[in-house]
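Just so it is clear, the values below take in all heavy atoms, side chains as well, and ignore hydrogens, waters and symmetry mates. Whatever order the structure lists them in is the order used to number ligands and atoms, beginning at 1.
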Amino acid sequence: MGFKEQIDKNRLPEHIAIIMDGNGRWAKNQGKFRSFGHESGVLSVKDIVEGCAEIGIKYLTIYAFSTDNWNRPVEEVNALMELFIATINNETDTLNANNIRLNAIGDIASLPQQCIEDLKSAMDKTANNTTCTLTLALSYSAKWEILDAAKKLAKQVQDQQLTIDEITEVKFSSQLTTVDMPDPELMIRTSGEHRISNFLLWQMAYTELYFTEKLWPDFRREDLFEAIVDYQKRERRFGKISEQLN
Ligand code: FPP
């Protein structure tokens with residue numbers, strides 16, 4: 001039996017977050033440039049997005065470019081930005097055909113103007129789609145996001161629109177870039193690295209973490225289904241004991 005058949009459709013994670021890692025090593029293993037790894041990684045993105053839509057995952061958030069990725073060699077940064085622009089433009093029709101809404105989180109204003117415009121246009125064109133929300137984390141870091149939320153709340157207190165006692169978990173969450181999404185129940189990271197790398201730190205307080213040795217360009221929907229089967233075997237206690245759960 002394949003992994004897809006083993007998935008319990010009644011206990012699907014609503015939101016899956018993915019750290020796509022290993023593009024560079026995958027390319028290097030084949031004696032190719034790192035950018036070839038990123039280009040090949042787009043095929044994995046496409047397959048995983050379609051896999052999510054196929055089984056009914058409502059939210060998929062992928063870490064496409066971190067704040068720290070700006071420190072990579074300028075040629076690689078430029079190649080990635082061009083790849084984002086090309087992929088967003090090439091895939092908008094497919095997103096619409098699959099009823100998938102495109103969304104973006106991060107310091108979007110720091111991206112090249114062309115990327116901002118094409119991203120906004122694709123988000124507008126897919127805004128009414130309802131099967132799945134695909135969120136690209138671009139120029140994103142969780143510390144940036146949390147600091148930004150803290151500053152917005154501080155400003156509201158300063159302007160006397162808010163009291164300190166009104167700053168609850170719910171209020172804080174409402175200032176984050178993920179405001180309309182549930183927290184991810186499952187986070188997948190490829191390439192054998194066991195780190196969170198500044199991704200969705202607030203939102204992943206109770207997320208189940210799944211690490212695989214596969215490099216991102218080798219990761220396909222069957223691997224996603226395997227991760228979901230693994231997730232469904234886990235007991236999520238949220239600080240309680242086993243006997244309290246039923
Ligand atoms: C990490 O691998 C991957 C990235 C920083 C970029 C991922 C981007 C894509 C796959 C393009 C997706 C496009 C869209 C529009 C979503 P790495 O370079 O850190 O690999 P390494 O650790 O082996 O060096």
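The ligand atoms of ligand 1 that sit less than 4.0 angstrom from a heavy atom of Thr87 are 15 (C). Under a 4.0 Å criterion applied to the non-hydrogen atoms of Arg25, ligand 1 contributes the atoms 21 (P), 22 (O), 23 (O). Below 4.0 Å from some heavy atom of Phe84 lie the following atoms of ligand 1, by number and element: 11 (C), 13 (C), 14 (C), 15 (C). Under a 4.0 Å criterion applied to the non-hydrogen atoms of Asn69, ligand 1 contributes the atoms 5 (C). Numbered from 1 in the order shown, with element, the atoms of ligand 1 that lie under 4.0 Å from a heavy atom of Leu136 read 16 (C).
Lys240 forms no cation-pi arrangement with Phe238, by the criterion of a distance under 6.0 Å to the ring centre and an angle within 45° of the ring axis.
Within the structure, ligand 1 lacks Ser191 among the residues with a heavy atom less than 4.0 angstrom away. Put simply, no part of Glu39 is less than 4.0 Å from ligand 1, judged by heavy atoms. Every heavy atom of Glu91 sits 4.0 Å or more from the atoms of ligand 1.
Contacts between Lys46 and ligand 1, counted as non-hydrogen atom pairs separated by less than 4.0 Å, are absent for every part of the residue. The backbone and the side chain of Asn23 each have at least one atom closer than 4.0 Å to an atom of ligand 1 (non-hydrogen atoms only). Neither the backbone nor the side chain of Glu193 comes within contact range of ligand 1; no heavy atom lies under 4.0 Å. Residue contacts with ligand 1 for Leu215 are absent, since no atom lies close enough (heavy atoms, distance under 4.0 Å).
When the heavy atoms of Ala27, Ala64, Gly37, Ala104 are ranked by distance to atom 6 (C) of ligand 1, first place goes to Ala64. Nearest-residue assignment for atom 19 (O) of ligand 1 (options Arg72, Lys28, Arg34; heavy-atom criterion): Arg72.
Note: His15 and Tyr59 have tilted aromatic rings, judged against thresholds of 30 and 60 degrees for the angle between ring planes.
Under a 3.5 Å cut-off, the side chain of Thr126 and the backbone N or O of Asn129 do not form any donor-acceptor pair.
Between the side chains of Glu145 and Tyr140, a donor-acceptor pair is found at a separation under 3.5 Å.
The 12-atom threshold is exceeded at CD of Gln161, counting heavy atoms of other residues, nucleotides or ligands nearer than 6.0 Å.
Considering backbone and side-chain atoms together, Tyr63 places no N or O closer than 3.5 Å to any N or O of ligand 1.
A salt bridge between Lys58 and Glu14 is absent, with no side-chain N of the basic residue lying under 4.0 Å from a carboxylate O of the acidic one. Using a cutoff of 4.0 Å between basic side-chain nitrogens and carboxylate oxygens, Lys46 and Glu91 are scored as salt-bridged. Salt bridge status for Arg25 with Glu193: present, with a side-chain N to carboxylate O gap under 4.0 Å. Between Asp8 and Arg11 there is a salt bridge, since at least one side-chain N of the basic residue sits less than 4.0 Å from a carboxylate O of the acidic one. Of the charged side-chain nitrogens involved, at least one lies within less than 4.0 Å of a carboxylate oxygen, so that Glu235 and Arg237 count as a salt-bridged pair.
At the top of the distance list for atom 1 (C) of ligand 1, counting protein heavy atoms only, stands Met20 O, 3.1 Å.
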